[in-house]
Amino acid sequence: MSQLSFPLLLVNFKAYREALGKSALKLASMAEKASRETGVCIAVAPQIVDLRLLAGEVDIPIFAQHIDPVGYGRYTGHISPEAVLDAGCVGALISHSEHRLSLNVIEETVRRASEVGLITVVCADTVERCRAVAAYRPTAIAIEPPELIGTGIPVSKARPEVVSGAVEAVRGVNPSVRVLCGAGITQGVDVEAALRLGAEGVLVASGVVKSPDPYRVMLELASAMKP
Ligand code: G3P
């Protein structure tokens, strides 16, 4: 299932030691297994250096954690949408809270990614920013209050109004833009709460990557999305 569908469980590997190289491959294989088991789309966003490895080995959608609004040419050290596509990715996170970009750069990056056919998931920290970003027509916007990231305190329970507010704001600008939420999500009940608030999936990291049993957690989170 390398095609993306919603509801979506998107697992960000960040720069965690537990999710690098061979370990990244192991985690991605677990994601593939959990996805097959549940019928729910599970995508992963490994570190840039692992993109081609994972895309060649597993049949799930692979995302880059970041791209730059550049093309071919003199862009040393930048990550072009073309390179990410060529590595076998279907999409990219843009402006994650740990790699925040200005609105102008987000707009340009979404435009460049769309030109090459990449799916775009833009992260935003507030309802207002979600509203602003929706105008750029990304595939999805992930609302993530930074203060909850990595805490295990789920956004869908601690800040439900932010999730429903983001859903409403994005719908008001462009109803075709999907809304995900992330930060602190570790359990099936957190996912159920997110979906009840109108989100079409979740963006998770430490709850999966740092777990002693990542497969079990992915299975639980994906199962909570089954109709
Ligand atoms: O990209 C997902 C992320 O920022 C949420 O992190 O560790 O709270 O699931 P975590």
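We count ligands from 1, going down the list as the structure has it; atoms in each ligand are counted the same way. Position 1 is the first residue of the sequence, and the numbers go up from there.
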Novice: So what's ligand 1 close to, N/O to N/O, under 3.5 Å?
Specialist:
from	atom 1	to	atom 2	distance (Å)
ligand 1	1 (O)	Asn12	ND2	3.0
ligand 1	1 (O)	His96	NE2	2.8
ligand 1	1 (O)	Glu144	OE2	3.4
ligand 1	4 (O)	Lys14	NZ	3.0
ligand 1	4 (O)	His96	NE2	2.9
ligand 1	4 (O)	Glu144	OE1	3.0
ligand 1	4 (O)	Glu144	OE2	3.3
ligand 1	6 (O)	Lys14	NZ	3.4
ligand 1	7 (O)	Ser206	N	2.9
ligand 1	7 (O)	Ser206	OG	2.5
ligand 1	8 (O)	Gly150	N	2.7
ligand 1	8 (O)	Gly184	N	2.8
ligand 1	9 (O)	Ala205	N	2.9

Novice: Taking side chain as C-beta onward, heavy atoms only, is Pro145 less than 4.5 Å from Asp125?
Specialist: no

Novice: Is there side-chain contact between Lys33 and Tyr215, with heavy atoms separated by less than 4.5 Å?
Specialist: yes

Novice: May I ask you to test the Leu25-Leu54 pair for a side-chain heavy-atom distance under 4.5 Å?
Specialist: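 Touching, per the 4.5 Å side-chain cut-off.
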
Novice: Looking at side-chain heavy atoms only, is the closest gap between Thr139 and Val121 below 4.5 Å?
Specialist: no

Novice: Compare all side-chain heavy atoms of Glu192 with those of Met225 and state whether any distance is below 4.5 angstrom.
Specialist: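 They are not in side-chain contact.
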
Novice: Hey, does Gln65 have a side-chain heavy atom less than 4.5 Å from the side chain of His96?
Specialist: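 Not touching, per the 4.5 Å side-chain cut-off.
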
